[in-house]
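The block underneath contains the structure these notes are about, expressed in structure tokens.
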Number of protein chains: 2
Amino acid sequence: MGVTIYDIAREANVGIGTVSRALNNHPKIAAKTKNRILEISRRLSYQPHAYAQGLAKRKTNTIALIMPFFTNYFFVEVLQGIQDKISDLGYDIMLYGVNQTNQVEEYLKRALQKGKVDGILFFSMKLPDGFDAKLKEIQLPTILVDTYHPDFDSITVQNEEGAYVATRYLVKLGYKKIGMINASLDSEPARMRYNGYRRALDEAKLPFSERYFRISKHSKADGFNREAGYQAMAEIIDKNREDLPEAFFISSDIQAIGALNAMKDRKLTAPEDIAILGFDDIELAKHIGLTTMRQPMYQMGVLAVEKLFHRIQNNEFPPSHTTFSPTLIVRETCGTEKKQPKS
Amino acid sequence: MGVTIYDIAREANVGIGTVSRALNNHPKIAAKTKNRILEISRRLSYQPHAYAQGLAKRKTNTIALIMPFFTNYFFVEVLQGIQDKISDLGYDIMLYGVNQTNQVEEYLKRALQKGKVDGILFFSMKLPDGFDAKLKEIQLPTILVDTYHPDFDSITVQNEEGAYVATRYLVKLGYKKIGMINASLDSEPARMRYNGYRRALDEAKLPFSERYFRISKHSKADGFNREAGYQAMAEIIDKNREDLPEAFFISSDIQAIGALNAMKDRKLTAPEDIAILGFDDIELAKHIGLTTMRQPMYQMGVLAVEKLFHRIQNNEFPPSHTTFSPTLIVRETCGTEKKQPKS
DNA sequence: AAGGTTATTGGAAAGGCTTCCACAATATTG
DNA sequence: CAATATTGTGGAAGCCTTTCCAATAACCTT
């Protein structure tokens with residue numbers, strides 16, 4: 001069917017080894033044989049067979065991306081960073097979009113299949129039990145993004161710190177009754193954000209009230225979804241009509257959008273009635289004027305690829321961990337201050 | 001390094017052919033040999049080598065997705081449909097996200113590489129010259145989504161019709177000065193939407209005015225991006241202060257969001273000052289109350305995968321073309337009517 | 001018990017490439 | 001010009017499977 005190196009070898013009156021050398025510009029080959037072969041292979045529009053090459057070289061030039069998928073805008077942006085960087089390097093991306101948590105193991109197993117990919121980028125989810133050992137055993141380079149394990153390279157955001165900064169900002173603006181709408185505590189980032197929130201509250205000697213705290217019911221995306229935000233806010237408002245909180249720290253922008261929606265349906269606005277502070281700085285936050293904590297998503301994608309390549313080339317160094325600090329982006333939903341951090 | 005069928009064969013005292021048969025539950029094998037082999041292969045935690053298998057079977061169980069990538073939310077949703085469907089079928093996805101138009105050919109060439117994928121899903125872009133012939137020559141099953149070529153299966157949306165319905169709706173609401181903000185005319189959908197808009201205008205005997213028409217300057221995503229929408233609207237408003245249009249049909253929701261932003265910055269609101277009608281019904285349209293034309297994105301993804309599988313199994317039938325009609329989703333940005341189509 | 005089936009099995013060949021080893025051809029040196 | 005070093009080349013072996021063909025073993029028949 002397709003043209004093989006044997007066809008080229010016959011055409012050029014050389015051995016297949018020579019053809020291979022010409023094609024891979026190996027040093028030990030005479031310039032003119034090489035050119036002749038190249039010319040012929042162009043004429044026959046030869047294409048190496050990807051799998052045959054992969055099998056012989058023990059290298060796939062492909063990496064796997066395992067990421068929560070839903071409509072979580074966080075990932076679209078990280079994905080762009082990854083795509084841009086990886087194209088340059090001539091690699092391909094095998095995408096495993098996780099829609100339900102039970103798919104994680106399934107996808108990991110597939111990606112681990114011998115000879116399928118050269119490395120894995122694993123996102124925002126806890127590495128399922130047992131896979132840490134397995135990954136180390138088969139020595140498949142793996143980078144964790146937005147999640148952590150001591151034995152693997154990782155890139156994370158200071159979630160606890162970010163939540164702390166966010167909440168402290170609300171305190172500084174003078175709010176006393178500060179609630180939080182959180183995603184599911186199954187999610188590590190959600191737990192950390194909760195901790196930061198509590199720390200800021202404690203430090204300011206403000207009371208924590210269960211009445212102003214909700215965890216997502218909608219389990220989609222671990223609770224990082226709009227419906228969950230809507231429902232949590234609706235519930236809090238409806239149950240506390242006579243004594244509303246003044247401000248909310250919400251664990252993601254997408255939930256904040258839902259929460260704002262719930263407020264709007266109840267004729268409440270931010271920041272006049274309730275101040276809202278999100279997390280992520282997704283692209284649409286700018287549009288709706290949401291004050292939020294920004295994560296450098298694109299850069300995280302780029303860095304993830306860089307780390308992975310490092311490790312693909314040489315896996316003999318200890319894990320490195322990079323953390324980014326989220327930055328406060330002041331817009332309108334908390335009321336504004338005089339001195340604004342750069343937006 | 002890894003366990004191979006030779007290891008299993010030795011362990012089980014059988015030939016490699018027998019091992020292979022056991023693993024692929026081939027009929028011609030004695031039940032107990034099969035069980036013994038299966039048991040051993042489990043014990044050694046054998047994993048077939050993906051590439052060796054692919055090479056021998058001439059089948060990769062992988063398909064390529066070539067799609068515009070940017071932050072175009074349209075694709076996130078189509079992607080979900082694809083991912084869900086394809087996982088069930090045990091296939092993997094090779095993702096090629098196009099950020100700049102010049103990457104298209106590069107990616108196509110890669111995906112066409114012999115033995116790399118079993119089929120291609122090609123999205124929303126014109127198939128570059130010459131590739132139609134090449135695809136047919138190598139007989140790689142290909143489905144076009146949101147774009148068209150007579151010789152390939154395709155799934156499209158009636159863009160012309162959608163734009164016509166949209167514009168006619170604005171006419172029916174009584175608007176006379178109806179502008180349009182369009183994406184780049186390099187894009188086929190953009191051209192069709194323009195045609196539909198003009199047809200509705202002509203039919204209503206309303207004049208078309210260059211003053212109320214803009215094409216995206218920002219070339220990112222062929223002009224389907226927020227900045228382009230913002231800029232176009234800003235320009236129109238600023239140049240026509242004394243004689244603003246009453247309504248706009250805008251070629252995508254994401255541009256509409258930008259346009260609304262530009263209005264907001266100029267203290268104009270929809271629908272009070274200017275009515276806005278978008279296209280796509282991305283998830284966030286609901287949140288901001290944008291009246292728009294809905295494309296059944298998730299279903300398009302699912303159908304695309306189904307068509308592709310059909311063709312992977314048997315490529316011997318003529319191309320089939322499916323088109324979906326977009327439906328009008330009435331929300332708030334055009335003013336509301338009594339009788340609302342289902343939202 | 002001999003002959004004829006049928007059910008299993010072993011393993012070579014094929015899939016298309018890279019790489020290594022041995023040999024041939026050419027160039028260099030004294 | 002012979003001896004030696006250098007360059008270039010052919011092709012077998014290896015990467016790991018699947019698949020096909022031939023061979024063996026087990027089972028029936030009469």
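Every chain is numbered from 1, with letters handed out A, B, ... down the list of sequences. On a predicted model such as this, the values are computed, not experimentally measured, just so you know.
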**Request:** Could you tell me the separation between the CG atom of A:Leu55 and the C1' atom of D:dG14, rounded to a whole number of Å?
**Result:** 9 Å
**Complete:** The nucleotide from D:dG11, C:dG10, C:dC17 with an atom nearest the side chain of A:Tyr46 is C:dC17
**Message:** Distance alone, cut at 3.5 Å: any donor-acceptor contact between the side chains of B:Thr60 and B:Asp118?
**Reply:** yes
**Flag for A:Tyr46-A:Asp7: side-chain donor and acceptor within less than 3.5 Å** = no
**Message:** Just verifying a value: how many Å separate B:Met125 CE and B:Gln103 CD, rounded to the nearest 0.5 Å?
**Reply:** 9.5 Å
**Message:** Measure OH/B:Tyr6 against P/C:dA12 and give the value in whole Å, please.
**Reply:** 8 Å
**Request:** Can you tell me the distance, in whole Å, between the NZ atom of B:Lys34 and the P atom of C:dA7?
**Result:** 16 Å
**Request:** Can you tell me the distance, in whole Å, between the CD1 atom of A:Ile37 and the P atom of C:dC17?
**Result:** 14 Å
**Message:** At less than 4.0 Å, is any side-chain N or O atom of A:Gln53 found next to OP1 or OP2 of C:dT18? Yes or no.
**Reply:** yes
**Nearest-angstrom distance from the residue atom NZ of B:Lys32 to P of C:dT9** = 9 Å
**Prompt:** Under 4.0 Å between a side-chain N/O of A:Ser20 and OP1 or OP2 of C:dC17, yes or no?
**Reply:** no
**Prompt:** With no hydrogens and no angle check, do the side chains of A:Asp222 and A:Ser187 hold a donor and an acceptor under 3.5 Å apart?
**Reply:** no
**Request:** Look at the rings of A:Tyr107 and A:Tyr96 and say which category their plane angle falls in: under 30° parallel, 30 to 60° tilted, over 60° perpendicular.
**Result:** tilted
**Prompt:** Hey, does B:Asn13 reach any base, or is it just sugar-phosphate, or nothing, if we go heavy atoms under 4.0 Å?
**Reply:** sugar-phosphate
**Fill in**
To the nearest angstrom, the CD1-C1' distance between A:Ile8 and C:dT18 comes to 14 Å
**No-H, no-angle donor-acceptor pair, B:Arg21 side chain to C:dG10 base, under 3.5 Å** = yes
**Asked** Roughly how many Å is it from NZ in A:Lys116 to P in D:dT17, rounded to a whole number?
**Response** 13 Å
**Comparing B:Ala30 and A:His49 on DNA chain C - which has the more 5′ nearest nucleotide** = B:Ala30
**Fill in**
Of the listed C:dT9, D:dT9, D:dT18, the closest approach to the A:Lys28 side chain comes from D:dT9
**Message:** Given D:dT17, C:dG10, C:dC17, identify the nucleotide with an atom nearest to the side chain of B:Ala52.
**Reply:** D:dT17
**Message:** Counting only side-chain heavy atoms from C-beta out, which of C:dT18, D:dC16, C:dG15 sits nearest to B:Arg58?
**Reply:** C:dG15
**Asked** Side chain of A:Thr33: nearest nucleotide among D:dT18, D:dG8, C:dC17?
**Response** D:dG8
**Prompt:** Closest nucleotide of DNA chain D for A:Ile16 versus for A:Ile29: which of these residues is on the 5' side?
**Reply:** A:Ile29
**Prompt:** What integer distance in Å separates A:Tyr51:OH from D:dT18:C1'?
**Reply:** 16 Å
